[in-house]
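Taking it in order: structure first as structure tokens, then the write-up.
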Amino acid sequence: MTLFGREPQVLSLQAAAEEAVAGRGSATLVEGEAGIGKSALLDVVAAYCDRLGMRVLRATGEQLETDLPFAVAGACLDVLTTGGQANQARVAALLRGEGADRQPGAAGHDFVVTEAMLDLVDDWCAAGPVAVLVDDVQWADAQSIVVLHRLCRGIAQYPLLLVLAAAPEPRGEAMRLLVRSMAAKGAHRMTLPPLDPQAVAELVEATVGAPTGPQLANLVAAAQGHPLYLSELVAGLSRDGALRISQGRAETDHETPPAESLQAMIMSRLGPLPPQTQAVLQRAAVLGGNVDLPLLAAVLETPVLELAEAFTAAAGAGLLVETDTGLQFRHDLIRQGLARQAPSSVHGVLHQRAAQALMDRGADVERIAEHLAQLDHAEHGQWLMTAAPQLTVRAPDLAVTLLRAAAAAAPDDRAATSLNLALIRALLWAGQTDDAEQVLHDQLAAFQSPATRTQLLELRMDGYFRQGRLQQAAAAGEDAARLAPAHPGRLYGFAAVCRLLIGEFDTADRLAGDALRTGLATGDAVAQAYGHNTLAVLRFSQSRVLEALDLNTDAMTALDHGDATMIVDPLVVRAMCLFALDRPAELDLVLDAAMRRNRDTGGVYLTSAQLLRANVLFLRGRWDDALAEIRAALDCPDPMHQAPALRGLAALVAMHRGQARTLDPELDELATARVLEAPFTAPLRWAQALAEENEAGPGAALDILFPIWEQPPTFSPRCIGYRLCADLARLAYAAGDTGRLRVLADTTADLLSRQAIDSVEGTAAFCAGLLHEDPAQLLAAAAWFAQTGWPMHEGYAREHAAVLLAAAGRLQPARDELAAAVALYTDLEAQRDIDRARARARQAGLRQGVRGPRGRPKHGWAALSDTEHKVALAVAEGRSNPDIAAQMFLSPRTVQSHVSSILAKLGLRSRVEIAVSASTVEDRAAATG
């Protein structure tokens, strides 16, 4: 295809494609009015990418599919059918709703599908360069826009070209957000202007076979450089016989265009076609942009061969084109014009017949629903009752629309109740909890059988829980359980969890016991799991960790035989217990399993598991790895509101490293206002305390941090909260607050009597050592922390021992301990702690005497952490993020975070450059032995 006047745009996109082949991806948004040439430009780019050997993925947004989740992304990735590769088949299965019973709602399902699609593209990019080209993206569904948004993130790392074409209007909120996001991430914005006079002359000459004469030139000037208008103008003149070649120039006697508007000019192509063919085209246009001949034949009750003749004539007239997916209208303006010509009374009949024909052929429920949604009255209520569960997962907004209309038009109360139950489920799945509550209220107000009332109460319980109204959720669950439903134990278990989350421990304990007893009596494994797991959380909150772990083991054993998931993830509960017991090997495996399951099911505890892992990495001194985990977690859905804690932990690292002295204002406000009663939110207050230490001294910092230990939050009991005690004791000692230091020594000693593990031994010894100013106890604490693998805590112990040894005149042991502390801080890049330790040593009259240990370089391969080094080598081997994630027990998002850090430290731009750099390093290492 030759594009006239578009050389700069073509060259720009071809250069971007070549860069993508070289490993440096980019995104471009092509904007322009209808008919300006966006689709033709994408055709040229697609052909060029194909010649470069890229995998070319194409799709076009359809106005009739804006309510169909992942319609554009699914078509682009060719996953709307079950065929293809295994990873494509997995996405196709997710789109059909497989596994949706394990997911909490539409948001969770969308997250799972999005992640699977991104993994698929990631795998393809690892195999070779990929081009994703989407036309009419302004009609894309919201879920597909999220996928495109995520593809733009970090695109420069990948051999990926993303080109989106969009009309300027209309644009929904999701599309406007995508445009802003692309601009913020450095994507190119390309607006197609009208053709200049030279390009217009070349286009007309190429079309008619000769340069334009004066009259024709005047006429085409009225097109104002609009390519489609020009093409249609010349085609109209040709059809009218109004073009002639005279003296080597194309000329016309017409003084005005054949039609008043572009739309009318396009529709003039219908003129030569028989009325019957025109009528067929009108009806096809009503049903959508892609022509499904068998469906249309069934709708019109016309043989396929007869329709094929009509469509052959239409293609000859330039109204239809043949694509890889079949016949479609050459331009949506053509389809819109034809559809408007069909009488409005015909539209409903056509959609109703299409829905019936699709039902007869067993088509996907969403395709049937698309046509039913175009009717102005409810139809096929019986089919809808059967299809509602699958339709709710596949297209929740369509399900809500159709179920609401069908319930209002139900023939009797029984049918209305069934449809309303399905409607409530669809509303809850779609996150429309207020609407669901209103329908629930109306249904409960009417007379209902006990079985129906139980279902309604269970749905109300679910709705309240989704809204965070735990008191009402618990009450609804208890009411439903008392009606003797099929699974009363599960309802007691659900209510127990709600009571637990709002701190009503005694009631939660009683309900958990009810769930367990009922589950054992009825053989309901899920009820048993609820009882055991809720009791495990209660025992954990009482710092009875071993009991909690045993109860959690019983819960997981019962759940192996169950058929449902639970609202408190047993894997996360188990991870909390192992975290408290310092069992790192087991903890890593359980956290990996918890993160994978929540990622694969859209579970709400993904960020909780990531936060726990980041805390573990922080304590182990793997701060770069912790930051990678935090960045990945902040990029995930956050239903448990863990972002402040994640950001607080990142701020904690920044302060230790001397990269910040204060919290940013937003985080400081959160730390001040937030009631820290959610799991693992102590890092936020911890970071605030370190910031206050910089500004107002250790006493002010202690006032902020000590209440966390003195009055432990519900889900941060002392069995895990003692990790703060080293900083608490350090601050109390610096502030001369002997009273609080004594409290810390006494309470950690008491904790040690119930939780005799290395890190508690070290914490108790550290607090006692500072209280009694005993360097021997501090050195014992350092040994315990070294055994545990907590380098920052070990550094604290050795730093304080050095100061006390110096005060006692034991200068050489003091220097040795100071050097050991500084070495530990240096490995952590903890400049704040290095500076503090040296300043305190100088005040004690202690000099290191020699240059301290050198820190890790900031740039180059030597700057990489162990994890980053492994990831870099895996990238160099051509492995995809999902493949690396599976190998290293990480999430793909965490791997991507590591890759971003690697690129920054190596000063590179793409994964390909990492591979080149790695081979150079290996060659250099081999040459030097």
Side-chain angles (χ1 to χ4, degrees), residues 101 104-105 385 388-389 392 403 407 410 412-429 433-502 504 506-535 555 558-559 561-568:
D101 57 334
M385 288 173 62
T392 293
L403 286 165
D412 53 56
D413 289 345
R414 182 176 180 181
T417 298
S418 297
L419 288 164
N420 275 312
L421 283 168
L423 172 60
I424 294 166
R425 293 188 182 97
L427 287 166
L428 289 173
W429 177 266
T433 49
D434 290 341
D435 288 350
E437 184 176 354
Q438 183 59 55
V439 179
L440 267 164
H441 175 79
D442 294 342
Q443 291 299 302
L444 284 168
F447 175 78
Q448 301 288 1
S449 68
T452 300
R453 192 167 185 82
T454 299
Q455 292 183 66
L456 289 167
L457 286 170
E458 290 182 22
L459 289 170
R460 168 174 275 187
M461 172 187 76
D462 188 18
Y464 282 146
F465 185 80
R466 291 169 189 263
Q467 293 174 300
R469 298 163 63 181
L470 301 179
Q471 194 90 33
Q472 294 97 321
E478 292 172 59
D479 288 344
R482 283 192 287 268
L483 287 173
H487 300 291
R490 301 184 188 188
L491 298 173
Y492 283 127
F494 187 102
V497 171
C498 293
R499 299 294 183 187
L500 170 68
L501 293 175
I502 57 180
E504 296 181 3
D506 291 341
T507 306
D509 205 326
R510 174 179 58 78
L511 289 170
D514 291 343
L516 184 55
R517 284 189 294 275
T518 305
L520 290 170
T522 61
D524 185 348
V526 176
Q528 296 172 38
Y530 259 120
H532 285 304
N533 200 54
T534 307
L535 290 171
L559 207 59
H561 309 289
D563 59 354
T565 55
M566 299 168 57
I567 58 173
V568 173

Backbone N/O of L423 and side chain of N420: donor-acceptor pair under 3.5 Å |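 The answer is no, because no donor-acceptor pair under 3.5 Å joins these two groups.
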So, Q438 and D434: side-chain donor and acceptor under 3.5 Å apart, yes or no?
->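 Result is no, nothing qualifies.
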Strictly by modelled atom types, are Q443 and R460 linked by a side-chain donor-acceptor pair under 3.5 Å?
-> no
About how many Å separate [atom2] of [Y] and [atom1] of [X], when rounded to the nearest 0.5 Å?
X: L511; Y: L500; atom1: CG; atom2: CG; result: 10.5 Å
X: L403; Y: L427; atom1: CG; atom2: CG; result: 8.5 Å
X: Q455; Y: S449; atom1: CD; atom2: OG; result: 8.0 Å
X: L440; Y: D435; atom1: CG; atom2: CG; result: 11.0 Å
X: L457; Y: Y464; atom1: CG; atom2: OH; result: 9.5 Å

Stepwise, does the side-chain contact (heavy atoms from CB on, under 4.5 Å) test hold for H487 with V526?
-> CA-CA 9 Å; H487 300 291; V526 176; over 6 Å; no
Any [X] side-chain heavy atom under 4.5 Å of [Y] side chain:
X: T433; Y: L428; answer: yes
X: D524; Y: T518; answer: no
X: E458; Y: R490; answer: no
X: E437; Y: R469; answer: yes
X: R499; Y: R510; answer: no
X: T417; Y: L421; answer: yes

Going through the distances and angles, do R466 and D462 end up as a salt bridge (Lys or Arg N to Asp or Glu O under 4.0 Å)?
-> CA-CA 6 Å; R466 291 169 189 263; D462 188 18; 3.2 Å; yes
Check E478, M461, R482 against L491 for a side-chain contact (heavy atoms from CB on, under 4.5 Å) and give me the one that passes.
->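 So, applying the side-chain contact (heavy atoms from CB on, under 4.5 Å) to L491 and each of E478, M461, R482, only M461 qualifies.
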Output, in order, the C-alpha distance, side-chain angles, deciding distance and verdict of side-chain contact (heavy atoms from CB on, under 4.5 Å) for I567 and Y530.
-> CA-CA 9 Å; I567 58 173; Y530 259 120; 3.8 Å; yes
What's the verdict on side-chain contact (heavy atoms from CB on, under 4.5 Å) for V568 and T534, showing C-alpha distance, side-chain angles and the deciding distance?
-> CA-CA 8 Å; V568 173; T534 307; over 6 Å; no
Are there more than 12 heavy atoms of other residues, nucleotides or ligands under 6.0 Å from atom CG of D506?
-> no
